[in-house]
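Read through the structure below, which is laid out as structure tokens, and then see the notes.
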Amino acid sequence: MQDDGDPGEDRAAAAPLPVAFYDRPVVEVARDLLGCVVVHGATAGRIVETEAYHETEGACHAWRPPPAGPRRTARTAALFGPPGRAYVYRSYGIHAMLNAVCEPEGTAAAVLVRAVEPVAGVALMRERRPGRPDRELVAGPGRLTLALDVRLADDGTDLTSGDLRIVAAAPGARPVVEVAGPRIGITRATELPWRFADASSPDVSRPWPPGMTRGRRGR
DNA sequence: CATGGGATTGACT
DNA sequence: GTCAATCCCATGC
């Protein structure tokens, strides 16, 4: 856990990642988002775990078995929209999940942000997660949206210019120790190693990816 | 129109 | 380890 303080101000002022960053193959973007920072109001979190989803594989909300084409509904509309937007949906009736839409408009693909490390506004995050130990503040896709106050209303908003945005890692920031593994909580396309994490982070959600049982920072 | 299933979490045995 | 909470919406009668 990092200190609550000024670094967040610098990151908040930093330029958001441009649309071109997201207008690439979704797996590339999922890896490159590790280390970048989600900023929302006074809170900010360094991304330490992501998953990629694409309309051509069964775990994606927009997937349908061939020969049917991709599934475009009110819920999945943002997935088909321009890259660089947020796709926020409700999971299990309870949790909001934050995704970054990728690839050209018309192609449904997005990166799910599964975990961050607090870099600003930790005190506010604790207020939003009363009774939770720090290790449970942001280590999980439903947890981080609570801590950062990301809601369904943010669905479709522009991550490159809005109040909710993603900025590049600060120069000299701690390097990412990338590990990959199968995605979590899905029933189809479980063989794809499209989950990515920073093995040096204490805030990756469980179960940890392969190769992460050692070398973790303690907390 | 009724039913069922989640890209999860937290409480409990 | 088990399991319920609770919403969106796809599917099928």
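FYI, side chains are in, hydrogens and waters are out, and symmetry mates aren't considered; it's all heavy atoms of this structure. So that the names make sense, note that chain A is the first sequence line, chain B the second, and so on, each numbered from 1. Everything numeric here is computed off the predicted structure, so don't read it as measured data.
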*asked:* Measuring only the C1' atom in each nucleotide, how far is B/dG5 from C/dC3? A whole number of Å is fine.
replied: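 The same atom, C1', in both gives a distance of 16 Å.
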*Could you give the distance separating C/dA4 and B/dG4 at their C1' atoms, to the nearest angstrom?*
16 Å
Within the structure shown, what part of the strands sits under 4.0 Å from [X] by heavy-atom distance: base, sugar-phosphate, or nothing?
| X | value |
| --- | --- |
| A/R195 | nothing |
| A/R75 | sugar-phosphate |
| A/R188 | nothing |
| A/I186 | sugar-phosphate |

Rounded to the Å, how far apart are [X] [atom1] and [N] [atom2]?
| X | N | atom1 | atom2 | value |
| --- | --- | --- | --- | --- |
| A/I184 | B/dT9 | CD1 | C1' | 14 Å |
| A/H61 | C/dT11 | NE2 | P | 13 Å |
| A/I94 | B/dA11 | CD1 | P | 12 Å |

Looking at [options], which one has an atom nearest to any side-chain atom of [X]?
| X | options | value |
| --- | --- | --- |
| A/H95 | B/dA7, C/dA10, B/dT8 | B/dT8 |
| A/R129 | B/dA7, C/dT11, B/dG10 | B/dG10 |
| A/T73 | B/dT8, C/dA10, B/dG10 | C/dA10 |

*Earlier contact from the 5' end, DNA chain B, for A/G140 and A/T187*: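 With A/T187 and A/G140 compared, the 5'-side residue is A/T187.
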*List the atom of A/E49, the atom of A/S205, and the distance in Å for their closest heavy-atom pair.*
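Closest approach of A/E49 to A/S205, heavy atoms only: OE1-N, 2.7 Å.
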*With distance as the sole criterion, do the side chain of A/Y89 and the base of B/dA7 form a donor-acceptor contact below 3.5 Å?*
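Yes.
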*Taking side chain as C-beta onward, heavy atoms only, is A/D23 less than 4.5 Å from A/V29?*
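They are not in contact (no side-chain heavy atoms under 4.5 Å apart), so the answer is no.
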*Should A/R46 and A/V38 count as side-chain neighbours, where that means a heavy-atom distance under 4.5 Å?*
no
*Kindly confirm whether the side-chain ring of A/Y92 is stacked on the base of C/dA5, judged by centres under 5.5 Å and planes under 30°.*
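No, aromatic ring not over the base.
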_Does B/dG10 have its OP1 or OP2 closer than 4.0 Å to a side-chain nitrogen or oxygen of A/R143?_
yes
*Evaluate the criterion side-chain hydrogen bond (donor to acceptor under 3.5 Å, both in side chains) for residue pair A/T190 and A/R183; output intermediate values, then yes/no.*
CA-CA 7 Å; A/T190 54; A/R183 295 172 295 180; over 6 Å; no
*asked:* Centre-to-centre under 6.0 Å for A/Y89 and A/H61, is that the case here?
replied: yes
